[in-house]
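What follows is one structure encoded as structure tokens, with my remarks underneath.
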Number of protein chains: 2
Amino acid sequence: MPNKQPPSDQRHATMADVAAHIGVSRQLVGLAFRHAPGVSAETAAKIFQAAEEIGYQPNLAAQALRREGTKYIGVTYHTSHSSSEELLPAIYKAAETHGFKVILSATSSLRSDQEALNEIIGHRCDGAILISSTLPNSRLQKIAKSLPLVSLSRRIEGVNCGVVASHGEHGVYEAVQYLASLGHKAIAYVDTVEMFDHEYRLQGYQDAIRELNLENWIATISGDYIESAGAQAAEQFMSQGELPTAIVCANDQVALGLVYTFQKSGIKVPGDVSIVGYDDTIARNPFLDFTTVHQDAKELAEAAVADLADRIAGKKKLAELYLTSANLVVRSSTSVPRLN
Amino acid sequence: MPNKQPPSDQRHATMADVAAHIGVSRQLVGLAFRHAPGVSAETAAKIFQAAEEIGYQPNLAAQALRREGTKYIGVTYHTSHSSSEELLPAIYKAAETHGFKVILSATSSLRSDQEALNEIIGHRCDGAILISSTLPNSRLQKIAKSLPLVSLSRRIEGVNCGVVASHGEHGVYEAVQYLASLGHKAIAYVDTVEMFDHEYRLQGYQDAIRELNLENWIATISGDYIESAGAQAAEQFMSQGELPTAIVCANDQVALGLVYTFQKSGIKVPGDVSIVGYDDTIARNPFLDFTTVHQDAKELAEAAVADLADRIAGKKKLAELYLTSANLVVRSSTSVPRLN
DNA sequence: GGATTTCGCTCGTCTCTAAGG
DNA sequence: GCCTTAGAGACGAGCGAAATC
């Protein structure tokens, strides 16, 4: 009766296996994998080759358990939030350059933000990036005391965490100014009140309108299906007698709903109405090719990770706000106004 | 000079802290959290309350390290694959009922399937679900020897893993039959050759057309931006003299590109052309309201998790294929054919 | 004596055996 | 037989200190 099973196919290789394979100590293998100084280049090469041969992959759980910090960044995001499509890859990249691994934790109608965050705490992540989190500020403030936090794409206030979002005021302001420069005077704005940070984008609209001495024309909509909300806004405009000559939307999805519905009713974009979106997600899709405000996923991700890394290193404690660029990208959904 | 720091705010609480807080043994706390037998209801309540009070969350790394299996399921998915929007929440749910936690690992143009899989191996997941993975079969076959695998939304062959996908042949067949029942005779199909499993959906079209004694009318398209591909297909149809009276698309995104482009050119849907999608993702969006083939995220997720759980338990080793339901959902993008 | 390698303890939890109330 | 505790050895890697060439 064997008191110890031979390393079966089932068991994963460990550092000890690698070490035994070439006759060095386990610790030395550890040093090599940590890229710590004091391992001769020759030995290191042998070690990595042996690891390759027996298919060794470091056990992340063991690392996380033993290390002072886990070197994990937790990221919560909502599965149907379209902007995370570009944000997540950028976060992976940025985290890697800062020496962190990413642990994703998805939220949805079936999984709350709190559950997602608990998982991150369970993994003992050194810090967390919360994308458009719906957690109340009081809750966040409590969590921020023991876990470095960055709120991404949601400008929260009164919480000691980093906040990273695109400069909505500026982006929308620029869009309205551009439309005015084309000769538009009846410029409307579609405000989606259930979207985070909608108020800042609205602010940009109002600032520009005031400065241009034009009239406010705001359509306020709400609803889960954001494209449908855009469609609903289109109906609203069409039932009001005269249409504006240009409409700025709080995001690309609303713009799509709007354009689709107009076209279905025979209203041409941009011939009859110019439309501008925000986000530059679906807008850049060649068949849509909407004029929109571009927010840069890479810039957002890098700012978020850099701030979080500073917090983890203890260099920051207080609230800090970063507004990343939001610039108009002119494409084919805008033109000079129609002749009435 | 204190030889031991008092539990500072920085350190996370452990089972020992919980135990000390109410004066029981550390082992008992462990039993309670594992819901193991032998803990009185009264004591268990006290333990959980104490855990709540001092904010204890089990250290997942320690659990994963010590346990025989980690009870993790790794899931790889591509961030711009729209169907994962519904699939991921469903997988979380299904995994939970089977007693597993989920570890997400995203792929994108910046992060390969192999990197994503390595992370999963690093976490020592008991098994993995690969959603529309692009890894070559030979690679998968090698991995499947040491890690239970399920391929979701991609029908691979020759690999000893579970395969779960919707019954594309049936779904498209049903769509064509329905169109024929409305009186359509010129029924075209848009085949997206770069999509996984496109061949099965095409097969359904061909089977139905043959059975109905109609003529094959296939538009083959390729390209990254799948909605643009749809738009491109629309251009193709419009340049061919006469339009078909109905078009079945390989997926919803293509359908959107098609409909959008037709409408822009003044062609009415469904007045001039009926359109059917596949997936029932964006199609269900109220402002689109496309007729489409519904594939059920919940059904897919449950089948995938159930099969994987069986593999992890050692109840299965060989390849196995599950085809989940694919049923036509009639909405407003289809009607009787136009009068020529 | 500096470069290279090894020792020995530790992280938080699981799991097992033995024994106490 | 119920509940509870004591004690100890894992799991796999990190890291400070000591040993070796």
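What you see is a predicted model; the values in this text were computed from it and never measured. All chains are named by letter (A, B, ...) in the order of the sequence lines, taking the proteins before the strands, and each is independently numbered beginning at 1.
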Approximate separation, where rounding is to 0.5 Å, of Leu60(A) CG and Leu65(A) CG: 12.5 Å
Qualifying residues under side-chain contact (heavy atoms from CB on, under 4.5 Å), relative to Gln27(A), sequence neighbours excluded: Ser25(A)
Interface with DNA chain C, restricted to residues 18-33 of chain B and to heavy atoms under 4.0 Å: Arg26(B)
Parallel, tilted or perpendicular, as decided by the 30° and 60° cut-offs, for the rings of His123(A) and Tyr72(B): tilted
salt_bridge(Lys316(A), Glu320(A)) N-O dist < 4.0 Å: yes
Nucleotide range of DNA chain C lying under 4.0 Å from chain B heavy atoms: dG12(C) to dT15(C)
Distance, nearest 0.5 Å, that separates CG of Asp17(A) from CD1 of Ile22(A): 12.0 Å
Test item: Ser40(A) side-chain N/O and Thr43(A) main-chain N/O as donor-acceptor pair under 3.5 Å: yes
Heavy-atom contact window of chain A on DNA chain D, given 5' to 3' at under 4.0 Å: dG12(D) to dC15(D)
Residues in contact with DNA chain C, drawn from residues 55-69 of chain A - heavy-atom cutoff 4.0 Å: Leu65(A), Arg66(A)
Qualifying residues under ring-ring contact (aromatic ring centres under 6.0 Å, His included), relative to Tyr56(A), sequence neighbours excluded: Phe33(A)
Thr76(A) versus Ala116(A), closest heavy-atom pair with distance: CG2-CB, 3.9 Å
Closest non-hydrogen atom pair between Val39(A) and Ala32(A), with its separation: CG2-N, 4.0 Å
side-chain contact (heavy atoms from CB on, under 4.5 Å) involving Ser132(B) - partner list, sequence neighbours excluded: His81(B), Ser153(B), Phe196(B)
Qualifying residues under salt bridge (Lys or Arg N to Asp or Glu O under 4.0 Å), relative to Arg111(A), sequence neighbours excluded: Glu119(A)
Helix axis bend for the helix from dG2(C)-dC21(D) to dG21(C)-dC2(D) - C1'-based end axes, five pairs, 10° rounding: 30°
Between Arg139(B) and Gln114(B), a side-chain donor and acceptor under 3.5 Å: yes
Salt bridge (Lys or Arg N to Asp or Glu O under 4.0 Å) involving Asp126(B) - partner list, sequence neighbours excluded: none
Pairs involving residues 295-305 of chain B, ordered by first then second residue, that meet salt bridge (Lys or Arg N to Asp or Glu O under 4.0 Å) (sequence neighbours left out): none
Taking distance alone, no hydrogens or angles, what donor-acceptor pairs closer than 3.5 Å link side-chain atoms of residues 308-315 of chain B to residues at least two apart or in another chain?
from	atom 1	to	atom 2	distance (Å)
Arg311(B)	NE	Asp307(B)	OD2	2.7
Arg311(B)	NH1	Leu318(B)	O	3.0
Arg311(B)	NH2	Leu318(B)	O	2.8

